[in-house]
Amino acid sequence: MSTVRVGVVGAGTIAGFHLAAYSKNPDVTIVAMCDTNTERASERAREFGATAVFSDYREMVASPDIDVVSVCTPNDTHADVAIAALEAGKSVLIEKPMTVSVAQAEAIVRAEAANPGFVQIGYVRRFSSNAVTLKTFIDAGDLGPIYYTKATFLRQAGNPGGWFSDRSIAGGGPLIDLGVHFIDMCLFLMDFPEVQSVSGYTFAGLGNRGNIRGLTRYMTADYDIAQNSVEDLAGALVRFTSGAVLLIDTSYSMHGRDTQFFEIYGEKGGATLEPALHITTELHDTIVELTPTIDSLSFDVDEGFQKEIDTFVRTAQGAGVPVAPAMHGLHMARILAAIYESATLGTEIRLEPLSSATLLN
Ligand SMILES: NC(=O)c1ccc[n+]([C@@H]2O[C@H](COP(=O)([O-])OP(=O)(O)OC[C@H]3O[C@@H](n4cnc5c(N)ncnc54)[C@H](O)[C@@H]3O)[C@@H](O)[C@H]2O)c1
C-alpha cells in the first residue's frame with residue numbers, strides 16, 4: 001500500500017487525538033501542521049515529526065507533498081478549509097459537526113462531487129466495538145424494523161467555554177457539539193432514514209456555570225465567565241417518514257447527573273448502546289438478554305480514533321468507499337437547523353425530502 005501524506009489544520013485538543021492515531025499507522029507520514037497560532041502548530045509538529053508548519057490553510061492544502069487533510073478547527077471554519085482542500089485535490093477528514101449551516105453542508109457536498117478527493121466526517125463513535133457490533137446485528141435483521149430511538153447526553157457543568165460557547169463560531173451549544181454524536185448514531189444504525197418533521201426545544205437559564213467550584217473540567221484557554229451565547233440544554237422529537245421516531249436531549253448545564261444513554265428498539269429486538277451494549281430479544285416465545293463478549297461494551301475513545309483514522313487512510317489508499325461522506329453531514333445539518341428553528345418558533349418544522357440529484361444538478 002502507498003504511503004499517505006497527512007496535513008492537519010488546527011493544532012488544538014482534538015488534533016492531538018488525530019495525530020496520535022496517524023503516528024501509529026505504518027502507512028502514514030505526518031508532513032505538515034497548520035494553525036493560526038503558529039507556536040501551537042510548531043509544538044505539535046515537533047511532537048509528531050511534521051517537517052512543515054503553516055499559519056494559512058490555503059498554503060498548506062496547495063502543497064504537492066500532502067495527500068489528505070484533517071480539519072480540526074472550530075466549527076464555523078470547517079467548510080472553508082474542507083472545500084479548499086478538496087479543490088486542491090486532497091481528501092478530507094472533517095471533525096464533527098461537519099458544518100454550522102445547511103448552506104455550508106450543501107457547498108461541501110458539491111465540492112466533494114466535483115473533485116477527486118473524498119470526505120470522511122469524524123463520527124468517531126461509529127468505530128467503537130460496541131457500535132460496530134450493534135450495527136452488524138441490526139444489518140442482519142436481528143432487531144427487525146427499527147421504530148424508536150432514545151438518546152440522552154447530559155453534562156451538569158460541561159460548557160467548555162471559549163469558542164464552544166460562542167454561537168457565531170460553534171453554531172450552537174450541546175446539541176451541535178454532543179447531540180450530534182447520538183443523532184448520527186441513530187441515522188447510521190437506521191441507514192439514514194428520511195426525516196419528516198422535527199419538534200425541538202432549548203433552554204438557557206443556567207448559563208455556563210463558570211461559578212461551579214471543586215469540579216475539574218475542560219475549559220478552553222480563552223474561558224470567560226461572562227461570555228456564553230449557546231443553549232444550556234436542547235432536545236427534540238424527530239419523526240422519520242417510515243414512522244420511526246428519535247427522542248434526544250443533551251446539555252452543557254443542568255442540575256442533574258452526567259448521563260449517557262442510547263437505546264434503540266426494533267420489532268424483533270432492542271438494544272442499549274450506552275452506557276454499555278446489551279441486546280434484548282425473543283427466542284422461542286422467551287425473552288432473552290444478550291451481552292456480547294467484545295473488547296469494549298462502551299464507547300472507547302482510543303479505539304474509536306484509531307479505527308476512524310485507519311479507515312480514512314485505507315480509503316485514501318483506494319480500498320473501500322468513503323464511510324461518512326458529505327451527504328451524511330448534510331442530513332445532520334438539516335436536522336440541527338430544524339431543531340434550532342423549531343425551538344425558536346415553538347412549532348414543529350416539516351422537512352422537504354432530501355434529494356442529492358436535485359442538489360448536484
Ligand atoms: N470527535 C470528537 O469527539 C470531538 C471532540 C472534541 C472536539 N471535536 C471537534 O474538533 C474541532 C476542534 O475542536 P478542539 O477541541 O480541538 O478545539 P481547540 O480550540 O482546542 O483547537 C482548535 C484550533 O484551531 C485553530 N484555528 C482556529 N481557526 C483556524 C484557522 N482558520 N486556521 C488554522 N487554525 C485555526 C485554533 O488556534 C486552535 O488551536 C471542533 O469542530 C470540535 O467540535 C470533536
Side-chain angles (χ1 to χ4, degrees), residues 7-21 32-45 47 52-61 69-85 92-101 104-105 108 120-128 131 153 155 158-185 217-223 230 250 252 260 274 299-309 311-312 324 329 332-333 336:
V8 177
V9 187
T13 314
I14 215 63
F17 288 83
H18 285 226
L19 288 159
M33 282 304 310
C34 171
D35 200 297
T36 42
N37 179 333
T38 42
E39 206 175 302
R40 203 173 287 156
S42 301
E43 223 168 88
R44 288 283 194 206
E47 191 183 351
V53 172
F54 297 87
S55 60
D56 186 334
Y57 68 84
R58 292 174 204 84
E59 285 173 25
M60 194 194 90
V61 301
V69 173
S70 265
V71 182
C72 297
T73 50
N75 303 347
D76 67 328
T77 63
H78 291 180
D80 285 348
V81 179
I83 291 168
V92 281
L93 174 55
I94 311 173
E95 259 308 336
K96 49 55 58 178
M98 183 177 85
T99 61
V100 296
S101 72
Q104 283 185 346
I108 297 181
Q120 180 177 320
I121 306 163
Y123 289 134
V124 63
R125 284 174 180 254
R126 292 189 193 179
F127 296 92
S128 191
F153 198 150
R155 289 186 177 160
N159 185 326
W163 68 261
F164 281 95
S165 58
D166 183 339
R167 192 185 173 89
S168 69
I169 300 175
L175 179 69
I176 200 166
D177 184 31
L178 308 176
V180 83
H181 284 295
F182 280 176
I183 296 173
D184 177 67
M185 188 57 70
R217 57 192 153 130
Y218 175 75
M219 289 180 182
T220 49
D222 57 345
Y223 190 86
V230 300
T250 178
Y252 273 168
Q260 280 189 47
E274 299 291 346
F299 171 56
D300 179 329
V301 64
D302 293 328
E303 179 194 29
F305 275 105
Q306 193 62 55
K307 290 191 173 157
E308 171 186 294
I309 294 286
T311 301
F312 180 56
M332 179 65 69
L336 296 176

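In each ligand, atom 1 is the first atom listed, and ligand 1 is the first ligand listed. Everything numeric here is computed off the predicted structure, so don't read it as measured data.
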Taking both backbone and side-chain atoms of Thr73, is any N or O found less than 3.5 Å from an N or O belonging to ligand 1? yes
Does the residue His181 have a heavy-atom contact with ligand 1, meaning some pair of atoms that are separated by less than 4.0 Å? yes
Numbering the atoms of ligand 1 from 1, which are under 4.0 Å from a heavy atom of Phe305? 1 (N)
Under the 3.5 angstrom rule, does the side chain of Gln306 hit a backbone N or O of Ala21 as a donor-acceptor pair? yes
Ranked by distance from atom 44 (C) of ligand 1, the top protein heavy atom is Glu95 OE1, 3.1 Å
Distance from Phe164 atom CZ to Asp177 atom CG, nearest 0.5 Å? 5.5 Å
Residue, atom and distance of the protein heavy atom nearest atom 37 (O) of ligand 1 read Asp35 OD1, 2.6 Å
Ligand 1 to Val9, heavy atom cutoff 4.0 Å, flagged ligand atoms 33 (C)
Pick from Ser70, Ala11, Gly12: the one approaching atom 21 (O) of ligand 1 most closely through a non-hydrogen atom: Gly12
protein heavy-atom neighbour closest to atom 41 (O) of ligand 1 works out as Asn75 OD1, 2.6 Å
Report yes if Asn37 has an N/O atom closer than 3.5 Å to an N/O atom of ligand 1; otherwise report no. no
Would the distance check show the side chain of Ser101 and the main-chain N or O of Gln104 forming a donor-acceptor pair, the cut-off being under 3.5 Å? yes
Among non-hydrogen protein atoms, atom 6 (C) of ligand 1 lies closest to Ile14 CD1, 3.5 Å
Could you check whether any side-chain N or O of Arg44 sits under 3.5 Å from a backbone N or O of Gly12, counting only pairs where one atom can act as donor and the other as acceptor? yes
Looking at atom 30 (C) of ligand 1, what's its closest protein heavy atom, distance included? Thr36 CG2, 3.7 Å
Here the atoms of ligand 1 under 4.0 Å from any heavy atom belonging to Pro74 are 22 (C), 24 (O), 26 (N), 27 (C), 28 (N)
Any side-chain heavy atom of Val8 sitting closer than 4.5 Å to one from Met60? no
Applying the side chain to side chain donor-acceptor pair (under 3.5 Å) criterion to Thr77, which one of Asp80, Asn75, Thr73 satisfies it? Thr73
Can you check whether Arg40 has an N/O within less than 3.5 Å of an N/O in ligand 1? yes
Note the single closest protein heavy atom to atom 22 (C) of ligand 1, along with its residue, its atom name and the distance in Å. Cys72 O, 3.7 Å
Is there a polar contact between ligand 1 and Thr13, counting only N or O atoms under 3.5 Å apart? yes
When you look at Asp76 and Trp163, which way does the side-chain contact (heavy atoms from CB on, under 4.5 Å) test go after all the steps? CA-CA 10 Å; Asp76 67 328; Trp163 68 261; over 6 Å; no
Does Leu93 offer a backbone N or O that forms a donor-acceptor pair with the side chain of Glu308 under 3.5 Å? no
Nearest heavy atom to atom 18 (P) of ligand 1: which of Phe17, Phe299, Trp163, Phe164 does it belong to? Trp163
Let me see the working for Val71 and Glu95 under side-chain contact (heavy atoms from CB on, under 4.5 Å), right down to the final yes or no. CA-CA 6 Å; Val71 182; Glu95 259 308 336; 5.9 Å; no
Do the side chain of His18 and the main chain of Ile309 share a donor and acceptor less than 3.5 angstrom apart? no
Supply the atom-to-atom distance Ile183 CD1 to Lys96 NZ, rounded to the nearest 0.5 angstrom. 11.5 Å
Which bit of Lys96 is near ligand 1, meaning a heavy atom under 4.0 Å away: side chain, backbone, both or neither? both
